Amino acid sequence: MVNASLKYVDLIRQRTAKWANWFPEQQEIRVGSYGRFSAQTGKFEVEGNVYDPEFQKLLDATDGKMKLSDHLPVLDEEEKDFAVGSMGVRAKEFSPGADVVEGIDKAKYKEDWQFLQDKRGAMLVMYKPRQEHFPKGKVFEALYKVPELKDKYIVPTVYKCRAYAIYLSHKTGEKISLALLPKSGEGNETQLEWWTNSKVEYLQVGTDKDYVFSPLFTCQRKIPLVRPLMRDSPTPDPEDAGFWMEVYPPWEPLDDDGEIDPVYDDNQEDDPNVYIPRRDSVYVPYPISDDSDDE
């Protein structure tokens with residue numbers, strides 16, 4: 001039994017240092033969402049959003065000045081197609097052979113993907129994505145002061161697209177041909193549809209006329225403020241995103257089926273003085289303040 005969602009998220013993160021959404025049709029990830037990752041599925045379990053009216057009350061209690069409704073997310077212009085595979089996965093020139101479909105010359109995207117034999121691989125394609133993100137300025141600074149975000153992960157950037165394709169391989173050395181075509185029929189000039197020569201279990205595709213899918217996003221969490229080296233020195237104020245850090249997966253290294261790798265055995269796992277990147281913890285190379293005001 002393959003834990004497909006967890007393995008896919010883990011492989012894409014290793015390749016991009018970003019977080020993948022295995023459920024683009026079911027779950028929309030929005031800028032400002034906060035929560036935690038499931039160690040069983042890799043799904044980002046949203047607990048709320050900083051742009052919700054309920055969260056503004058929490059912000060008012062700590063800041064009293066910042067109105068997030070005046071600092072809404074910024075949507076950037078279209079980028080080039082985003083296509084990435086995990087280690088060993090290769091994108092190749094489109095060559096579907098006799099399976100070629102009519103109208104392939106009008107394809108918006110077309111490529112073959114070659115996967116390895118006996119090794120699990122992952123692929124993500126986004127058609128002309130747009131990044132949506134926090135505006136530059138004081139948003140991160142204000143959010144840092146909200147104690148309810150302690151130990152929560154927050155989404156500052158989301159890749160949004162009209163069409164996506166994601167796949168987790170079966171370790172059979174398979175090759176998949178993919179093409180994104182204008183949808184046939186009169187009046188469908190702006191609509192798209194995927195074509196593939198493969199019928200495989202873990203291939204997911206989706207299209208829409210709007211930027212409704214969020215297959216990839218970034219996540220950050222607070223860095224605890226450190227105690228000043230000099231007793232009378234003031235604790236520094238957080239500046240923009242400078243006091244936020246990337247987050248680590250809350251699961252141990254996985255085998256090819258997305259299960260905890262039995263080979264992994266770190267004898268120092270319980271040693272609090274040893275930094276283990278895979279462990280869900282924050283590493284700060286200075287003493288952490290015990291004062292509640294520092295949170």
Side-chain angles (χ1 to χ4, degrees), residues 13 16-19 21 27-37 44-79 129-161 211-212 214-248 250 280-295:
R13 185 187 178 277
T16 67
K18 296 177 178 63
W19 296 90
N21 180 7
Q27 184 183 28
E28 179 188 8
I29 304 295
R30 297 188 296 134
V31 172
S33 294
Y34 60 87
R36 304 278 291 185
F37 285 97
F44 187 61
E45 298 179 336
V46 177
E47 299 177 21
N49 192 287
V50 301
Y51 289 103
D52 293 340
E54 295 78 9
F55 187 86
Q56 183 63 51
K57 298 176 183 178
L58 302 177
L59 189 58
D60 290 342
T62 58
D63 183 85
K65 299 177 182 178
M66 171 71 76
K67 299 298 181 184
L68 285 178
S69 58
D70 297 330
H71 302 271
L72 296 176
V74 176
L75 185 61
D76 291 345
E77 296 297 321
E78 284 185 352
E79 302 178 6
R130 303 177 71 177
Q131 290 190 48
E132 189 173 38
H133 54 84
F134 282 144
K136 293 182 179 180
K138 304 293 183 179
V139 173
F140 266 120
E141 295 179 25
L143 295 179
Y144 192 92
K145 300 173 184 177
V146 179
E148 285 79 4
L149 290 181
K150 179 183 178 182
D151 298 327
K152 303 298 183 185
Y153 300 164
I154 191 166
V155 177
T157 303
V158 174
Y159 287 76
K160 307 186 74 170
C161 64
Y211 290 81
V212 298
S214 47
L216 196 68
F217 58 98
T218 64
C219 234
Q220 292 184 302
R221 66 178 298 173
K222 292 183 181 183
I223 298 177
L225 292 180
V226 299
R227 187 186 300 280
L229 296 179
M230 303 298 291
R231 183 177 299 274
D232 296 331
S233 300
T235 300
D237 288 331
E239 295 182 4
D240 201 21
F243 277 65
W244 294 76
M245 65 177 286
E246 301 299 322
V247 299
Y248 297 110
D280 186 27
S281 61
V282 177
Y283 174 65
V284 180
Y286 302 100
I288 298 177
S289 172
D290 295 325
D291 297 335
S292 59
D293 293 341
D294 288 348
E295 296 297 330

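Since the structure is predicted, the reported quantities are computational estimates derived from the model, not experimental observations.
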For this session: Kindly compute the distance separating CD (Glu246) from CD1 (Ile223), expressed to the nearest 0.5 Å.
Result: 9.5 Å
For this session: State the OH-OH distance between Tyr153 and Tyr248, to the nearest 0.5 angstrom.
Result: 11.0 Å
For this session: Output all residues satisfying side-chain hydrogen bond (donor to acceptor under 3.5 Å, both in side chains) with Glu148, sequence neighbours left out; order by chain, then residue number.
Result: none
Exercise. From Arg221 CZ over to Lys150 NZ, what is the distance, rounded to the nearest 0.5 angstrom?
Worked result: 10.0 Å
Problem set entry | Ile154 CD1 to Gln220 CD distance, which is reported to the nearest 0.5 Å | 9.0 Å
Exercise. Would a 4.5 Å heavy-atom cut-off, applied to side chains only, mark Trp19 and Val247 as touching?
Worked result: yes
Exercise. Are Glu79 and Arg130 side-chain neighbours, meaning at least one heavy-atom pair lies under 4.5 Å?
Worked result: no
Problem set entry | Which atom of Cys219 lies closest to which atom of Phe37, heavy atoms considered | SG-CE1, 3.8 Å
Exercise. Shortest non-hydrogen contact from Pro135 to Pro73?
Worked result: CD-CA, 4.3 Å
For this session: Could you tell me the separation between the NZ atom of Lys145 and the NZ atom of Lys222, rounded to the nearest 0.5 Å?
Result: 11.0 Å
For this session: Report the distance from atom CG of Leu149 to atom CG of Leu58, rounding to the nearest 0.5 Å.
Result: 8.0 Å
Exercise. Who are the side-chain hydrogen bond (donor to acceptor under 3.5 Å, both in side chains) partners of Glu78, not counting sequence neighbours?
Worked result: Tyr211
For this session: Please confirm whether the backbone N or O of Gln27 pairs with a side-chain atom of Asn21, one donor and one acceptor, at under 3.5 Å?
Result: yes
For this session: Indicate yes or no for a side-chain donor-acceptor contact from Tyr144 to the backbone of Trp244 under 3.5 Å, with no hydrogens or angles considered.
Result: no
For this session: With sequence neighbours left out, write down each residue that passes side-chain hydrogen bond (donor to acceptor under 3.5 Å, both in side chains) with Gln56, or none if nothing qualifies.
Result: Asp60
Side-chain polar contacts of residues 46-55 - donor-acceptor pairs under 3.5 angstrom, sequence neighbours left out - could you list them?
unit_1: Glu47; atom_1: OE1; unit_2: Lys152; atom_2: NZ; d: 2.7
unit_1: Glu47; atom_1: OE2; unit_2: Lys152; atom_2: NZ; d: 3.4
unit_1: Asn49; atom_1: OD1; unit_2: Tyr51; atom_2: N; d: 2.8
unit_1: Asn49; atom_1: ND2; unit_2: Val31; atom_2: O; d: 3.1
unit_1: Asn49; atom_1: ND2; unit_2: Ser33; atom_2: OG; d: 3.2
unit_1: Tyr51; atom_1: OH; unit_2: His71; atom_2: O; d: 2.7
unit_1: Asp52; atom_1: OD2; unit_2: Asn49; atom_2: N; d: 3.1

Problem set entry | By ring-ring contact (aromatic ring centres under 6.0 Å, His included) - contacts of Phe134 (at least two apart) | Phe140
